[in-house]
Amino acid sequence: MSLNKKERERTINELQSNFRLLGKSLAEVAIQLGTTSQRVAEILKLENVAIEDPWILRQYLNEQLVQMGRKPFPYSKLTGDYHAYWFLNSSIIERQVLS
């Protein structure tokens with residue numbers, strides 16, 4: 001999936017909005033996703049990411065927010081069931097581990 005500049009900026013804003021809504025630190029999220037704070041920060045900016053990385057973070061954020069009784073901000077491009085996208089490796093996303 002390729003995003004143009006505007007779509008990329010919107011997706012970054014959506015991920016960051018949900019991250020802020022969650023209220024956890026980069027370190028807390030990194031520990032839960034088996035990675036580093038720096039890696040989470042890169043994904044929040046869509047820098048040096050594998051195609052599944054934003055989806056992993058999206059899934060994590062959405063699940064955590066729902067468990068807290070909060071409604072995630074909607075996404076404009078990271079939408080639908082990731083299983084339906086042929087270019088995504090769903091088993092990687094389901095593991096919810098960022099490398």
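The figures here come from the full heavy-atom set of this structure, side chains too, leaving out hydrogens, waters and symmetry mates. It should be emphasised that the depicted structure is a prediction, and the values quoted were computed from it without experimental measurement.
Using a 4.5 Å heavy-atom threshold, the side chains of Lys24 and Phe19 count as separate. Side-chain contact between Ile92 and Trp55: absent, with no pair of heavy atoms (C-beta onward) separated by less than 4.5 Å.
Cluster membership check: Ile51 shares its hydrophobic cluster with Tyr85, using side-chain heavy-atom separations under 4.5 Å among Ile, Leu, Val, Met, Phe, Trp and Tyr. Val66 is not connected to Tyr60 by any chain of hydrophobic side-chain contacts under 4.5 Å among Ile, Leu, Val, Met, Phe, Trp and Tyr, and they are in different clusters. No path of Ile, Leu, Val, Met, Phe, Trp and Tyr side chains, each step under 4.5 Å between heavy atoms, connects Val97 with Leu88, placing them in separate hydrophobic clusters. In terms of hydrophobic clustering, with Ile, Leu, Val, Met, Phe, Trp and Tyr side chains grouped at heavy-atom distances under 4.5 Å, Ile31 and Leu26 are assigned to different clusters.
For Asn18 (side chain) and Phe73 (main-chain N/O), a donor-acceptor pair under 3.5 Å exists by modelled atom type. Distance alone, capped at 3.5 Å, places no donor-acceptor pair between the Thr79 side chain and the Tyr75 backbone. One N or O on the side chain of Arg58 and one on the backbone of Leu78 form a donor-acceptor pair closer than 3.5 Å. At least one donor-acceptor pair under 3.5 Å links the side chain of Glu28 to the backbone N or O of Ser25.
A salt bridge links Glu42 with Arg39: at least one charged nitrogen is closer than 4.0 Å to a carboxylate oxygen.
Interatomic distance, Leu15 CG to Leu44 CG, rounded to the nearest 0.5 Å: 6.0 Å. The structure places CG of Asn62 at 11.5 Å from NZ of Lys71, a figure rounded to the nearest 0.5 Å.
Ser76 and Glu14 are linked by a side-chain donor-acceptor pair at a separation below 3.5 angstrom, with hydrogens and angles left out of the test. Counting only N and O atoms by type, the side chains of Lys45 and Gln16 include no donor and acceptor under 3.5 Å apart.
Residues forming a side-chain contact (heavy atoms from CB on, under 4.5 Å) with Glu63 (at least two apart in sequence, or on another chain): Gln59, Gln96.
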